[in-house]
**Student:** 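Pasting in a structure now, in structure tokens, and then I'll have a few things to ask.
Atoms within a ligand are numbered from 1 in the order they appear, just like the ligands themselves. Starting from 1, each residue takes its place in the sequence as its number. Not measured: the values here are computed from a predicted model.
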Amino acid sequence: MKLLVRNIGKIVGIRPAGCLRLCGEEMSRLEMLDDAWLLADEGRIAAFGRMSDCPSGDGAQVVDAGGGMLFPSFCDSHTHLVYAGSREQEFLDKIAGLSYEEIAKRGGGILNSADRLHATSEEELYTQAMARVHEIIRMGTGCVEIKSGYGLSTEDELKMLRVIRRIRETAPLAVRATFLGAHAVAWAYVGRQKEYVDLVCNEMLPAVAREGLADFVDVFCDEGFFTVDETVRIIEVGRSLGLRAKIHANELAVSGGVQAGVAHGALSVDHLERMGAEEIEALRGSATMPTLLPGAAFFLGMSYPPARDMIRAGLGVALASDYNPGSSPSGNMRMVVSLASIRMKMTPAEALNAATLNSAYAMGLSDEYGSITPGKVANFFLTDPMPSVEFFSYAYQTPLIRRVFLRGGEYAE
Ligand code: NIG
Ligand code: FE
């Protein structure tokens, strides 16, 4: 099946093949082509060029972009979008002045979601999660990582991961699965954290690997959750089972999680609201992608990660939504990109690169997704005509995304 898109005002995010991530100054470069066409064939980008030499389109489905722009789909490398119900009661608690840690201590937070998930069938969980998947596809996401971590028992973690597998099999976007058994210590293990970590290492991880349910292993390495030693133990067991690490680090405190992640070959370290010069130094020259989740900082009223210092130090950064019921009940990557500019002073070009190619890298998928490159999967969206690329970040609430294409076909729910 061929698809020819004509009359594109601007193709945004063109990259040569083999460019797997962008670091430091490279992040400010966004390659574009004006007045263009793009051809997809068998679900992949085949070619693009100027309208002055547009191919005939014989035998292809022809779409007229009407002068709008074409962007590579967003890649969202950090979500928890499989969950049961919602937690707006905690939203009210926050308005009344309680902190995230205080809510967690009162049995809210992750343990609240674990109780709800336990009481929800696999079928119902799938239905709820698919509604969120369709929501993010409409908002331009074409590639997503989804974590477990609201199960907190072997049975319920497997239940979550099977739901993620089913999403992967049935949804038109690309999905990567992460096992996050060490998201919090389960109710049944309160006061026995070591035994819970034993359970994660000796029972959960082997069961997850046996069923081939995860691509990555994650740990919430932070004050009040899991220590650096526990994190290292879990990610090393994960590594022995073929799962690379992606770590929640430095959200609540300078946790040591960044250094541990780099030293143990993590693909990404995520959150990073609390970062010092040592953390930035540890990341320099490493293959680990620091991933910023400004939606969580926004929703919880926390300080934002020091994106400018990181880019100035030559690091690449990725952006993701953290879509979850507690700290970021939104998977809107456009909002994330705008927040990155508004609150972290990333330029629109840097933010778009962070939310596409670098976020694909943070899922190990940047050879296939994250830019307009011949040979990559044809995941992109068309916008209404806009005066500039920057307008897309600036007019952050205007519904500019007009049509979405995944694997070379138009998405229609
Ligand atoms: O990434 N920080 C840990 N986990 C999630 C929040 C999960 C929740 O509150 O349900 C996060 O922010
Ligand atoms: Fe998270």
**Student:** What distance do H134 atom NE2 and L173 atom CG have between them, rounded to the nearest 0.5 Å?
**Tutor:**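 Rounded to the nearest 0.5 Å, the NE2-CG separation comes to 9.5 Å.
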**Student:** Any N/O/S atom from H271 (main chain or side chain) under 2.8 Å of the Fe ion (ligand 2)?
**Tutor:** no
**Student:** Identify, for atom 2 (N) of ligand 1, the protein heavy atom at the shortest distance, and state residue, atom and that distance.
**Tutor:**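 Of the protein heavy atoms, E251 OE1, 2.6 Å lies nearest.
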**Student:** Should the pair E236-R239 be classified as a salt bridge under the 4.0 Å nitrogen-to-oxygen rule?
**Tutor:**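 Salt bridge: yes.
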**Student:** I want to check a possible cation-pi pair here: R334 against F392, using under 6.0 Å from ring centre and within 45° of the ring axis as the test.
**Tutor:**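 Yes, cation above the ring, under 6.0 Å and within 45°.
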**Student:** Tell me: protein heavy atom nearest atom 4 (N) of ligand 1, and distance?
**Tutor:** H183 NE2, 2.8 Å
**Student:** Identify the protein heavy atom lying closest to atom 7 (C) of ligand 1, giving its residue, its atom name and the separation to 0.1 Å.
**Tutor:** Y150 OH, 3.3 Å
**Student:** Thinking salt bridges, do E281 and R284 make one under a 4.0 Å N-O criterion?
**Tutor:** yes
**Student:** Look only at interatomic distance and state if H248 has a nitrogen or oxygen under 3.5 Å from any nitrogen or oxygen of ligand 1.
**Tutor:** yes
**Student:** Please report which non-hydrogen protein atom sits nearest to atom 6 (C) of ligand 1, along with the residue it belongs to and the distance in Å to one decimal place.
**Tutor:**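 Nearest protein contact, heavy atoms only, for atom 6 (C) of ligand 1 is Y100 OH, 3.1 Å.
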**Student:** Which of the atoms in ligand 1, numbered in the order shown and given with their element, are less than 4.0 Å from a heavy-atom of H271?
**Tutor:** 1 (O), 2 (N), 11 (C), 12 (O)
**Student:** For atom 11 (C) of ligand 1, find the nearest protein heavy atom and state the residue, atom name and distance (0.1 Å precision).
**Tutor:** D322 OD2, 3.2 Å
**Student:** Should K147 and E145 count as an ion pair when the cut-off is N to O under 4.0 Å?
**Tutor:** yes
**Student:** For N324, counting its heavy atoms only, list the atoms of ligand 1 lying under 4.0 Å from any of them.
**Tutor:** 5 (C), 6 (C), 7 (C), 8 (C), 9 (O), 10 (O), 11 (C), 12 (O)
**Student:** Mark yes or no: R233 above the aromatic ring of F226, with NZ or CZ under 6.0 Å from the six-membered ring centre and no more than 45 degrees from the axis.
**Tutor:** no
**Student:** Tell me yes or no: between the side chains of E155 and S153, is some donor less than 3.5 Å from an acceptor?
**Tutor:**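 No, because no side-chain N or O of E155 sits under 3.5 Å from a partner of the opposite role on S153.
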**Student:** How close does the nearest protein non-hydrogen atom get to atom 3 (C) of ligand 1, and which residue and atom is it?
**Tutor:**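 Looking at atom 3 (C) of ligand 1, the protein heavy atom closest to it is F220 CE2, 3.3 Å.
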**Student:** Quick check on contacts: which atoms of ligand 1 are under 4.0 angstrom from a heavy atom of H78?
**Tutor:** 1 (O)
**Student:** Using a strict cut-off of less than 4.0 Å between a Lys/Arg side-chain nitrogen and an Asp/Glu carboxylate oxygen, indicate whether E350 and R308 qualify as a salt bridge.
**Tutor:** yes
**Student:** Hey, is the Fe ion (ligand 2) within less than 2.8 Å of some N/O/S atom on D270?
**Tutor:**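 So D270 does not count as coordinating the Fe ion (ligand 2).
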**Student:** Are D218 and K246 within salt-bridge range, i.e. N to O under 4.0 Å?
**Tutor:** no
**Student:** Suppose you place the vertex at the Fe ion (ligand 2); what is the angle out to H248 NE2 and H78 NE2, to 10°?
**Tutor:**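 Value returned, to the nearest 10°, is 90°.
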**Student:** Among all protein heavy atoms, pick the one closest to atom 12 (O) of ligand 1 and tell me residue, atom and distance.
**Tutor:** S327 OG, 2.5 Å
**Student:** Could you grab the angle centred on the Fe ion (ligand 2), going from OD1 in D322 to NE2 in H80, to 10°?
**Tutor:**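 Here the angle at the metal atom is close to 90°, to 10°.
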**Student:** So, are R162 and E169 salt-bridged, with charged N and O less than 4.0 Å apart?
**Tutor:**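 Salt bridge flag = no for E169 with R162.
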